[in-house]
2 protein chains.
Amino acid sequence: MSEPAGNGRRGSEDTRLKLIRAAEELFSEYGIGAVSLRQINRHAGQRNATALQYHFGTRGALVAAILARHRADVEPRRHALLDRFEADGGDLRALAFALVVPEASKLTDRDGGCAYLRIIAELVQRPDRPLDPSDPESPQESIHRWRRLVADWIPELAVRRLHRRFSAIRILFTELGRRAQDPERRDHELFVSHLVDLIAAILAAPVSEETERLLKGRRRGSRA
Amino acid sequence: MSEPAGNGRRGSEDTRLKLIRAAEELFSEYGIGAVSLRQINRHAGQRNATALQYHFGTRGALVAAILARHRADVEPRRHALLDRFEADGGDLRALAFALVVPEASKLTDRDGGCAYLRIIAELVQRPDRPLDPSDPESPQESIHRWRRLVADWIPELAVRRLHRRFSAIRILFTELGRRAQDPERRDHELFVSHLVDLIAAILAAPVSEETERLLKGRRRGSRA
DNA sequence: GACTTAATAATACGCCTGCATTAGAGTTTG
DNA sequence: CAAACTCTAATGCAGGCGTATTATTAAGTC
C-alpha cells in the first residue's frame, strides 16, 4: 500500500490500480460507454495519455480488470457460505443469504465497492455492446454453484420455463446498484436482511392459476 | 402517418418523429450517454447536423420526448385498470397486474416499444447525471396512484421503512428491459403472467424474523 | 405580392477523441 | 558496465464532437 508496491518494476501495480480506481469512479457515475479513456487517464493523475492503453489495451479489458478485482473478494465469501450450507443443511433463505450477502458486503467496502456494484448493475442489463469482457460469468464461479444448489428448492418449471434464478440474480444486482448510488446508506443490516427476504420471496413465489394454465395449455395464444 | 403529418409547417412533426425514433434505437442499444447527437441526426437521415438541436435543444429534452411519447400509451391503460380495480374490488395480484401489464404491452409495440423499455431500465438505475429530464415521474401519474392504492395491501413497515413499492417498480422495469433486449420473445403471455406473479410475491414477501428484529431493536448495529 | 415565420441546410470553430509513434527514465539481469 | 526490459512521458494525426452562425426554402398571413 506504500509506494512501489512490491513486484519489482517501478510503480507499475501502483499506476495500474490508480487507473482502475479512476475508471471505477467514472464508469459508475456516468456509465461505461459514456466515459473516454483520456478522461480516465486524467482522473488517475496520469499526465500521459497512453498509460491506459499500455496497461489494459481496450475498454473491455479495463472493465474486466475492475470486475476481477472485486470478485476476488466476493467469490471466497460466497463459496464459504455455500460450503456451510452444504455441510449444515439450510433452508431457502440460507441460500438467498449466500447469494446476497457477499455482494452486499461491497456496500461497506470503501475501496470502490459501490462503484463496482453500480458497474455490475449496468452490465446486467447491457451485457452486449462495446464490451465483451470475455464474459460476465465464467464456469465454476460461485454464482453457478449457487444456481445448481437452488434448483432443488424451487419448482422445476420455475427453473426450466420461467428462469426464475436469473431474475433473482438480476434483481439482486439491480437493487444493490441502486443502493450503492445512495450517498447515505443508513440501516445497512436492515437493508441487507430485507433484500435477502425479497430474493427468497422471488425464488419461492407461488405460481398463479393463470400462469399455470399458460404453462400447461400451449394451445391458446390470442393476445397480450 | 403519410407525408406532411398535418399541422401546417412542412414536415416538422415528421422530422421530429424520425429523430425520436432514431434516438430510441441508438439510446437503447448503446446507452443514453454513449451516443452522440450527430449520430442520431445521421441515423435519422438528416443531412443536417443541427436538426436535433433545433427540435429538442438538449439530450435531456430528447429523452423526455421519448418517454412522453410512450407514456401516452401506457398511462391511460394503467388508469383504466386502476379504475376497474377501485370499482370492482380486487386482490394484490390485480394491483400487480395493473402495474405490470400496461408497461409490458410495450413489448409487443413495434414502434419503439422495446427501445422505450430498455431506456427506462437505464434511467431507473441512473436517474442522475447528464439528464435531469425534468423528472422521471411527475405527480398525478398513474404510477403514483398505484403506489397509493397498494399501500393498503402490504404491511405498513414494508412501505415506510423498507420501500418495497419502489423495489417493485425498479424490478418491473429491470425485468422488462431485459426482456425487451431479447430479439425473440416467445411465450409473451406466459412471461407477463409470471412477471405479475413475481411482482405480487415481492409486494407480499413475508418479513423474516431477522428483519423484524432489526426493524424493532435499533440499538444493535455492530457490523455488516 | 411583400412580410413573417417554421424548418432544413451548410459551413466553420475549437475542443476532444482513440490511436500510433517515439523518446526517455529507471531496474533488472548477465 | 551494458544490454534488456518495464514503465512513463510527449507529441502528432485524422477524425468526431457540440455548438454558433448564416443561408435557403416553403408555407401562412395581410
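We name chains A, B, ... by the order of the sequence lines, and we start the count at 1 in each one.
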Length of the line joining B:L52:CG and C:dA7:P, which is rounded to integer Å: 14 Å
Return yes if the base of C:dA9 and the side-chain atoms of B:T50 contain a donor-acceptor N/O pair under 3.5 Å, otherwise no. no
Given axes from five pairs at either end, by how many degrees does the helix from C:dG1-D:dC30 to C:dG30-D:dC1 bend, rounded to 10°? 0°
Please report the distance, rounded to the nearest Å, between CZ in A:R47 and P in D:dC7. 18 Å
For B:Q46, report the nucleic acid contact type (base, sugar-phosphate, nothing); a contact means any heavy atom under 4.0 Å. sugar-phosphate
Length of the line joining A:R16:CZ and D:dT8:P, which is rounded to integer Å: 11 Å
If I compare all heavy atoms of B:S142 with all of B:E75, which pair ends up nearest, and what's the gap? N-OE1, 2.8 Å
Partners meeting side-chain hydrogen bond (donor to acceptor under 3.5 Å, both in side chains) with A:Q53 (sequence neighbours left out): none
Residues passing the side-chain hydrogen bond (donor to acceptor under 3.5 Å, both in side chains) test with B:R178, sequence neighbours excluded, are none
From CZ of B:F56 across to P of D:dT19 the rounded distance in Å is 15 Å
What is the distance, rounded to the nearest whole Å, between atom NE2 of A:H55 and atom P of D:dA9? 9 Å
Applying ring-ring contact (aromatic ring centres under 6.0 Å, His included) to A:H70 and not counting sequence neighbours gives A:Y116
Which residues pass the side-chain contact (heavy atoms from CB on, under 4.5 Å) test with A:R77, sequence neighbours left out? A:P102, A:S105
Rounded distance (Å) that lies between atom C1' of C:dA10 and atom OH of B:Y54: 16 Å
Suppose we screen for side-chain hydrogen bond (donor to acceptor under 3.5 Å, both in side chains). Which residues come up paired with B:E122, at least two apart in sequence or across chains? A:R126
Expressed as a whole number of angstroms, how long is the span from B:D14:CG to C:dA6:C1'? 15 Å
Count the heavy atoms of every other residue, nucleotide or ligand shown that sit under 6.0 Å from CZ of B:R84, and state whether that count exceeds 12. no
Filtered N/O pairs between nucleotides 14-17 of chain D and protein, under 3.5 Å:
{"from": "D:dC17", "atom 1": "OP1", "to": "B:S36", "atom 2": "OG", "distance (Å)": "2.6"}
{"from": "D:dC17", "atom 1": "OP2", "to": "B:R42", "atom 2": "NH2", "distance (Å)": "2.6"}

Residues forming a salt bridge (charged side-chain N to carboxylate O under 4.0 Å, His left out) with B:D109, sequence neighbours excluded: B:K106
Can you tell me the distance, in whole Å, between the CD atom of A:Q53 and the C1' atom of D:dC7? 15 Å
What pairs with B:F191 under ring-ring contact (aromatic ring centres under 6.0 Å, His included), at least two apart in sequence or on another chain? none
